[in-house]
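Data first, discussion second: the structure below is written as structure tokens.
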Amino acid sequence: MHTPDEDLALIRQAAAEAGRIALGFWKREPEVWWKGSSPVSEADFASDAHLRRVLLEARPHYGWISEETAAQAADAGEQRFFVVDPIDGTRAFLRGETTWCISVAVIGSGRPVAGVLDAPALGEVFTATADGPARMNGAPIAVSAHENKRKLLLSMPDSMRRKLERRHGERIDFAPNVPSLAYRLAMVASGRLDGTLVGARANDWDIAAGDLILERAGGQLVRADGSPHLYNPAPERHGVLVAGAQGTVRRLLDYGAEAV
């Protein structure tokens, strides 16, 4: 059985190369298709193809879940599987912005055991294992320690911000929304934001790596009832999620974040 550290080394290297592949399309007007109202580009597909080939060649018995390709079940008796978003923040990527990332996690027994978020345009790599610290570029990170300050610094989709601002605007400073949910979780994990709200209908590939990195940085990503999410081999969409340090999460739940 591979250890979480071994899995992290594998996915970190794979994500780094996927990031280099994506950078080859960045700001070069890649071809774009639409899945309903969501764009997907040839950069997404190229990154995904690399990750699927490298990861499943190295761990052929693991399962596979990705935003861009069909799921593959793990071998009989194997609980672990990859959860991949080859480019989280495709809209930002296509606009030439920097806040997009490659998100890869390994799930074991329902929770992430290794995760990496590689933001190549920013030169930032976030990593964690279930039994180790969260790191950015090798240095330990932690969630904001200012849980008791009067105003929380939050980032969230504009539709959620408007609703929360009407009820609790005097208690919150609103940072601009970051379209990449995975990178937004990394910002919370590294203390650059106190917290975030995640709109309903997010997918497992949007949150799996960020969930682990946030947890190992001392924070939480929970449902509106305060419970953590368990990951299953079938991809799942979520209701509203709340992320931050434990005190921040309690405050947001008290504000009625589940109704946003």
Quick one: do Asp85 and Leu181 satisfy side-chain contact (heavy atoms from CB on, under 4.5 Å)? Show the steps, please.
-> CA-CA 11 Å; Asp85 192 337; Leu181 170 51; over 6 Å; no

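- Taking 4.5 Å as the limit, every side-chain heavy atom of Val54 sits out of range of all side-chain heavy atoms of Gln13.
- The backbone N or O of Ala234 lies less than 3.5 Å from no partner atom in the side chain of Asn232, so there is not a single donor-acceptor pair.
- Applying the ring-ring contact (aromatic ring centres under 6.0 Å, His included) definition to pairs two or more places apart or across chains, those involving residues 203-233 are His229-Tyr231, His229-His238.
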Ile172 and Leu164: CA distance, side-chain angles, deciding distance, side-chain contact (heavy atoms from CB on, under 4.5 Å) verdict | CA-CA 9 Å; Ile172 299 170; Leu164 199 60; 3.4 Å; yes

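- Here salt bridge (Lys or Arg N to Asp or Glu O under 4.0 Å) pairs that include residues 61-70, with residues two or more places apart or in two chains, are Lys35-Glu67, Lys35-Glu68.
- For Glu17, the salt bridge (Lys or Arg N to Asp or Glu O under 4.0 Å) partners at least two apart in sequence or on another chain are Arg20.
- Under the 4.5 Å side-chain criterion, counting only non-hydrogen atoms from C-beta, Arg250 is not in contact with Leu253.
- The ring pair (Phe, Tyr, Trp, His ring centres under 6.0 Å) check on Phe82 picks up Tyr62, with sequence neighbours excluded.
- For Asp7, the salt bridge (Lys or Arg N to Asp or Glu O under 4.0 Å) test picks out Arg59, with sequence neighbours left out.
- Among residue pairs with one or both ends in residues 155-201, those qualifying as ring-ring contact (aromatic ring centres under 6.0 Å, His included) are His168-Tyr255; sequence neighbours excluded.
- From Arg91, atom CZ reaches atom OG1 of Thr99 across 13.5 Å, with rounding to the nearest 0.5 Å.
- Distance alone, capped at 3.5 Å, places no donor-acceptor pair between the Gln220 side chain and the Val222 backbone.
- Here the shortest heavy-atom pairing between Leu214 and Ala243 reads CD2-CB, 3.7 Å.
- Every residue two or more places apart in sequence or in another chain that forms a salt bridge (Lys or Arg N to Asp or Glu O under 4.0 Å) with Asp211 is listed here: Arg111.
- For residues 117-135, every residue pair satisfying the salt bridge (Lys or Arg N to Asp or Glu O under 4.0 Å) rule, not counting sequence neighbours, is listed here: Glu124-Arg192.
- No side-chain heavy atom of Ile87 sits under 4.5 Å from any side-chain heavy atom of Trp26.
- Residues satisfying the side-chain contact (heavy atoms from CB on, under 4.5 Å) criterion with Thr3, sequence neighbours excluded, are Asp5, Glu6.
- Think of Leu230 as one node in a network of Ile, Leu, Val, Met, Phe, Trp and Tyr side chains linked at under 4.5 Å; it has no links at all.
- Residues Asp88 and Ser103 bring no donor and acceptor atom of their side chains to less than 3.5 Å of each other.
- In this structure, the side chain of Glu42 engages the main chain of Glu31 through a donor-acceptor pair within 3.5 Å.
- The distance from the OG1 atom of Thr196 to the CE atom of Met156 is 6.0 Å, given to the nearest 0.5 Å.
- Trp100 and Leu94 end up in the same hydrophobic cluster when Ile, Leu, Val, Met, Phe, Trp and Tyr side chains are linked at under 4.5 Å.
- Side-chain contact check for Val188 versus Asp194: every heavy-atom pair is 4.5 Å or farther apart.
- Hydrophobic clustering, with ILVMFWY side chains joined whenever heavy atoms are under 4.5 angstrom apart, keeps Ile107 apart from Leu212.
- Applying the 6.0 Å contact sphere to CD of Glu165 captures more than 12 heavy atoms from other residues, nucleotides or ligands.
- Side chain of Ser155 to backbone of Pro176: a donor-acceptor contact under 3.5 angstrom is found.
- Considering all non-hydrogen atoms of both residues, Leu193 and Ser144 come closest at O-CB, 4.4 Å.
- Pro30 is listed as a side-chain neighbour of Phe93, based on a closest heavy-atom distance under 4.5 Å.
- Remark: the Thr69 side chain and the Asp48 side chain contain an N/O donor-acceptor pair separated by less than 3.5 Å.
- The minimum heavy-atom distance between Leu152 and Arg251, with the atom names listed, is CD2-NH1, 3.5 Å.
- In plain terms, the two heavy atoms of Ala105 and Ile11 that are nearest each other are CA-CD1, 4.5 Å.
- The backbone N or O of Pro157 lies less than 3.5 Å from no partner atom in the side chain of Arg162, so there is not a single donor-acceptor pair.
- Residues Val240 and Val198 form no side-chain contact, since every pair of their non-hydrogen atoms from C-beta on lies 4.5 Å or further apart.
- In this structure a side-chain-to-backbone donor-acceptor pair under 3.5 Å is missing from Asp75 to Gly63.
- Two residues are said to be in side-chain contact when any heavy atoms from C-beta on lie closer than 4.5 Å; Ile141 and Ile213 meet this criterion.
- Follow the hydrophobic side-chain contacts under 4.5 Å out from Ile207 and you never reach Val113; the two are in separate clusters.
- Note on Met136 and Leu122: same hydrophobic cluster, where clusters join Ile, Leu, Val, Met, Phe, Trp and Tyr whose side-chain heavy atoms are under 4.5 Å apart, directly or indirectly.
- For the pair Gln79 and Ser109, the tightest heavy-atom approach, listed with the atom from each and the gap, is OE1-OG, 2.7 Å.
- Connection of Met187 to Val143 is established within a shared hydrophobic cluster, with ILVMFWY side chains joined at heavy-atom distances below 4.5 Å, either directly or through further cluster members.
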Steps toward side-chain contact (heavy atoms from CB on, under 4.5 Å) verdict (Leu221, Val242) = CA-CA 6 Å; Leu221 177 67; Val242 181; over 6 Å; no

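- For the salt bridge (Lys or Arg N to Asp or Glu O under 4.0 Å) condition, the pairs that include at least one residue of residues 97-110, sequence neighbours left out, are Arg95-Glu97.
- Within 6.0 Å of atom CD in Glu170, more than 12 heavy atoms from other residues, nucleotides or ligands are found, so the atom counts as buried in its surroundings.
- No side-chain donor-acceptor contact under 3.5 Å links Ser47 to the backbone of Ala43.
- Think of Phe45 as one node in a network of Ile, Leu, Val, Met, Phe, Trp and Tyr side chains linked at under 4.5 Å; its network also takes in Trp33, Val40.
- A distance-only check finds a donor-acceptor pair linking the side chain of Arg216 to the backbone of Gly132 [under 3.5 Å].
- Side chains of Asp173 and Leu154 form no contact here, defined as non-hydrogen atoms less than 4.5 Å apart.
- Here the closest heavy-atom approach between residue Ala182 and residue Leu117 is recorded as O-CD1, 3.4 Å.
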For the pair Phe25 and Ser41, evaluate side-chain contact (heavy atoms from CB on, under 4.5 Å) and give the outcome as yes or no after the intermediate values.
-> CA-CA 9 Å; Phe25 293 92; Ser41 76; over 6 Å; no

